[in-house]
Amino acid sequence: MTEKSKLSISFRVDDGVIEHNNRNFLPKNVDPSRMCDNVIYKSENLQELYHQLFDKALTKYNSKKRSNEKIADYYEHIKNGKQEKLFSEVVVQFGDAESCGLKSGNRELAKEMLDEYMKSFEE
């Protein structure tokens with residue numbers, strides 16, 4: 001059995017918190033000396049991304065609506081809405097604190113596996 005096959009993989013979908021993802025604040029459970037180990041695969045301005053993805057569809061939608069039904073800015077519409085979320089995040093984890101923690105021999109292997117996963121996810 002290879003070392004890779006001994007590690008578990010877990011996926012969790014959470015409500016996204018952009019301030020946390022961008023590390024704009026430091027939670028109490030984070031060791032600041034280890035922040036240099038953080039890997040950022042992609043960081044985009046969420047509001048700009050909304051415009052890139054939805055402005056064309058929004059223009060088409062608004063062309064068929066009365067002026068009082070039109071949506072001026074889809075990002076703001078979702079942000080201020082009560083049902084939708086601006087985004088969700090998927091947390092992917094290889095191993096756990098015991099099998100891939102600082103003192104385990106699998107930490108680098110787990111990092112390599114995550115990197116491989118992320119590259120294929122982008123494709």
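The first residue of the sequence shown is numbered 1, and numbering continues consecutively from there. All values below come from the heavy atoms of this structure, side chains included, with hydrogens, waters and symmetry mates left out.
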Practice item. Hey, could you give me the CZ/OG1 distance between F54 and T59, rounded to the nearest 0.5 Å? Key: 13.0 Å
Practice item. Applying side-chain hydrogen bond (donor to acceptor under 3.5 Å, both in side chains), name anything that partners N29, two or more places apart in sequence or on another chain. Key: none
Point to revise | Non-neighbouring partners of Y41 that pass ring pair (Phe, Tyr, Trp, His ring centres under 6.0 Å), sequence neighbours left out | key: none
Review point. In chain order, what residues pass the side-chain hydrogen bond (donor to acceptor under 3.5 Å, both in side chains) check against D96, with sequence neighbours excluded?
Key: S99
Exercise for review: Could you tell me whether a side-chain N or O of Y50 sits under 3.5 Å from a main-chain N or O of L86, the two making a donor and an acceptor?
Suggested key: yes
Exercise for review: Evaluate whether atom CD of E98 has more than 12 neighbouring non-hydrogen atoms of other residues, nucleotides or ligands under 6.0 angstrom away.
Suggested key: no
Exercise for review: Find the distance between CD (Q47) and NE2 (H51) and round it off to the nearest 0.5 Å.
Suggested key: 5.0 Å
Point to revise | K111/D115 salt bridge by N-O under 4.0 Å criterion | key: no
Check your understanding: Do you know which two heavy atoms are closest between C36 and S33, and how far apart they sit?
Key -> SG-O, 3.7 Å
Check your understanding: Any chain of hydrophobic side-chain contacts (each under 4.5 Å) joining I40 to M113?
Key -> no
Point to revise | Heavy-atom check, side chain of K79 versus side chain of D73, under 4.5 Å | key: no
Point to revise | Closest heavy-atom pair and its distance - I78, K85 | key: CG2-O, 3.6 Å
**Study point:** Short side-chain donor-acceptor distance under 3.5 Å, N106 and S104
**Key:** no
Point to revise | Qualifying residues under side-chain hydrogen bond (donor to acceptor under 3.5 Å, both in side chains), relative to R12, sequence neighbours excluded | key: D14
Review point. Is there a side-chain contact (heavy atoms from CB on, under 4.5 Å) between Y75 and L46 once you walk through the steps?
Key: CA-CA 9 Å; Y75 174 86; L46 192 57; 4.2 Å; yes
Can I get a per-line list of side-chain donor-acceptor pairs under 3.5 Å for residues 88-95, giving both atom names and the distance, sequence neighbours left out?
unit_1: E89; atom_1: OE1; unit_2: N21; atom_2: ND2; d: 3.0
unit_1: Q93; atom_1: NE2; unit_2: G95; atom_2: O; d: 2.8

Exercise for review: Tell me, yes or no, whether the heavy-atom count around Y117 atom OH, taken from other residues, nucleotides or ligands under 6.0 Å, exceeds 12.
Suggested key: yes
Practice item. Please list all pairs passing the salt bridge (charged side-chain N to carboxylate O under 4.0 Å, His left out) test where one or both residues lie in residues 43-68, with sequence neighbours left out. Key: K42-E44, R66-E69
